[in-house]
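Before any comments, here is the structure.
If you're wondering where the values come from, they're calculated on a predicted model, not measured in any experiment.
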Amino acid sequence: MDSPGDPEGPRPPGGDGPPGGARETSRRLSREQIFVLISAASINLGSMMCYSILGPFFPKEAEKKGASNTVIGMIFGCYALFDLLASLVFGKYLVHIGAKFMFVAGMFVSGGVTVLFGVLDQVPEGPVFIAMCFLVRITDAISFAAAITASSSILAKAFPNNVATVMGSLESFSGLGLVLGPPLGGFLYQSFGYEVPFILLGCIVLLMVPLNMCILPNYESDPGKHSFWKLIILPKVAFISFVITSLSSGFGFLDPTLSLFVLEKHLRKWLLVFGNLITAGCYVFLGPAPFLHIKSQLWLLVLILVINGISAGMSLIPAFPEILSCAHENGFEEGLSTLGLVSGLFGALWSVGAFLGPTLGGFLYEKIGFEWAAALQGLWALTSGLVMGLFYLLEHSRRRRRSKLQNILGTEEERTALLPDET
């Protein structure tokens with residue numbers, strides 16, 4: 001067994017090694033792995049608190065400065081749009097920039113612009129205020145994309161056999177940040193005014209920067225020859241991309257305990273499928289949909305939201321290691337370059353859904369009401385779940401046929417060797 005300070009031995013990436021691989025390695029985390037977990041937890045918690053703090057009071061303050069409801073919605077929505085674009089760029093050039101530098105720089109800029117958000121009430125109202133809001137929000141999205149893309153790649157590098165487990169468990173810090181941000185921001189705003197919530201949280205994130213500079217390991221790798229386009233045109237990755245986008249558009253908190261059950265590759269597949277199917281049912285009952293003829297009640301709404309959070313976790317946690325596994329199976333090199341591509345793609349797809357969800361949701365709510373809008377959201381999840389399930393069935397059938405063909409060819413080769421031609 002390795003000592004606590006020694007790194008674990010080499011393991012196949014993506015969590016798809018032999019079934020006994022996890023049992024053969026040390027059950028004790030190395031010092032380097034512990035530091036990686038601390039760094040990833042800090043960015044998940046800090047960034048999500050900064051992201052969600054706007055909700056309780058910023059719309060009211062923006063209205064005072066002359067921003068319309070449409071403009072306020074665009075200020076919120078532009079975050080996901082630029083997160084999408086930045087994730088693709090940072091994922092492609094992760095190796096060139098350096099994972100540790102990208103992580104630390106992203107955290108530093110995110111903390112700085114959060115502080116700047118706290119002084120926007122001093123900006124003249126009207127177009128100047130609106131322009132500064134967009135500028136600060138976009139900068140925050142780009143810095144967040146840098147830090148999260150680097151964080152995902154570093155985690156996959158440090159825990160090659162436990163990607164799903166580690167990333168799923170760390171999502172609890174993202175959920176905690178989303179839960180703590182609004183009430184903490186609202187309390188500080190009510191007690192101390194507009195500036196204090198942003199300045200306090202921004203300073204907390206900035207204080208995490210020197211900590212991560214000291215403890216985060218520096219992983220080096222050579223640039224890869226593959227691109228996002230080569231990754232996303234793989235059929236399996238394309239279908240998983242559809243799943244990620246449908247999940248993020250109907251965002252729910254993840255249940256990290258489910259990651260304990262996704263160590264085996266075959267189970268990951270069906271968690272992806274059934275998680276989406278359950279999510280689809282949740283959105284149908286969320287209204288509930290008019291064709292069900294069920295009266296909406298508070299207890300039903302709460303129950304459906306809880307189930308939806310669990311089902312979203314079922315589908316989302318296996319998505320990253322499944323894409324990584326598919327990339328390796330299709331010739332992508334095993335290293336930080338491919339991890340950067342996968343991390344960037346994952347973040348970009350999540351941002352697509354995070355942008356489409358509120359945008360289309362608000363439009364459909366105005367046109368057809370919440371009940372039918374929620375049912376249509378469920379249809380998206382249902383479609384992605386069925387498509388993913390059909391793909392896995394076809395993949396399983398194709399592999400069985402290939403295995404039978406190899407067995408037949410192997411038998412013929414043995415017969416040829418045993419019964420040579422005497423002529």
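- Classified by interplanar angle (parallel below 30°, tilted 30° to 60°, perpendicular above 60°), the ring pair Phe144/Tyr79 is tilted.
- In this structure the side chain of Pro197 never reaches within 4.5 angstrom of the side chain of Leu184, judged on heavy atoms.
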Would Leu382 and Leu277 count as a side chain to side chain contact (heavy atoms under 4.5 Å, CB included) here? Give the steps. CA-CA 5 Å; Leu382 176 65; Leu277 297 180; 3.7 Å; yes

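- Within 6.0 Å of atom CZ in Phe129, more than 12 heavy atoms from other residues, nucleotides or ligands are found, so the atom counts as buried in its surroundings.
- In this structure, the side chains of Phe117 and Leu120 come closer than 4.5 Å at one or more pairs of heavy atoms.
- Looking only at side-chain heavy atoms (C-beta outward), Leu81 and Ile138 stay at 4.5 Å or farther from each other.
- Proximity of a side-chain donor or acceptor of Thr149 to a complementary backbone N or O of Ala145 within less than 3.5 Å is detected.
- Within a 6.0 Å sphere centred on OH of Tyr189, heavy atoms belonging to other residues, nucleotides or ligands number more than 12.
- Contact of the Trp372 side chain with the Lys367 side chain is not registered, since no non-hydrogen atoms from C-beta on lie closer than 4.5 Å.
- No donor-acceptor distance shorter than 3.5 angstrom exists from the side chain of Lys65 to the backbone of Pro124, with no hydrogens or angles considered.
- Counting all heavy atoms, side chain and backbone alike, Val209 lies closest to Met107 at CG2-CG, 3.8 Å.
- Between the side chain of Ser143 and the backbone N or O of Asp140 there is at least one donor-acceptor pair closer than 3.5 Å.
- Closest approach of Glu371 and Pro290 over heavy atoms only: CB-CD, 3.7 Å.
- Counting heavy atoms from C-beta outward, Ile142 and Phe90 have side chains that approach closer than 4.5 Å.
- Using a cutoff of 4.0 Å between basic side-chain nitrogens and carboxylate oxygens, Arg398 and Glu395 are not scored as salt-bridged.
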Please determine whether side chain to side chain contact (heavy atoms under 4.5 Å, CB included) holds for the pair Phe198 and Val115, giving the CA-CA distance in whole Å, both sets of side-chain angles, and the decisive distance to 0.1 Å. CA-CA 5 Å; Phe198 294 104; Val115 173; over 6 Å; no

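- Side-chain contact between Leu300 and Pro288: present, with at least one pair of heavy atoms (C-beta onward) separated by less than 4.5 Å.
- Other residues, nucleotides and ligands place more than 12 heavy atoms under 6.0 Å from the OH atom of Tyr194.
- With hydrogens and angles ignored, the 3.5 Å screen pairs no side-chain donor or acceptor of Glu61 with any backbone N or O of Asp121.
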Candidate pair Phe192 and Leu200, rule side chain to side chain contact (heavy atoms under 4.5 Å, CB included), full reasoning: CA-CA 11 Å; Phe192 304 103; Leu200 178 62; over 6 Å; no

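- Under a 3.5 Å cut-off, the side chain of Ser110 and the backbone N or O of Gly106 do not form any donor-acceptor pair.
- Annotation: Glu63, atom CD; neighbour count of heavy atoms from other residues, nucleotides and ligands within 6.0 Å is above 12.
- Environment of OH in Tyr93: sparse, with no more than 12 heavy atoms of neighbouring residues, nucleotides or ligands closer than 6.0 Å.
- In this structure, the side chains of Thr114 and Val205 stay at 4.5 Å or more apart for every pair of heavy atoms.
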So Leu286 and Tyr283, side chain to side chain contact (heavy atoms under 4.5 Å, CB included) or not? Walk me through it. CA-CA 5 Å; Leu286 198 59; Tyr283 278 97; 3.9 Å; yes

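- The distance from the CD1 atom of Ile304 to the CZ atom of Phe285 is 6.5 Å, given to the nearest 0.5 Å.
- Checked by atom type and distance alone, the side chain of Gln33 pairs as donor or acceptor with a backbone atom of Ser30 at under 3.5 Å.
- Remark: the backbone N or O of Leu393 is not paired with any side-chain donor or acceptor of Ser397 at under 3.5 angstrom.
- Asn212 places a side-chain N or O within 3.5 Å of a backbone atom of Met208 that can act as its donor or acceptor partner.
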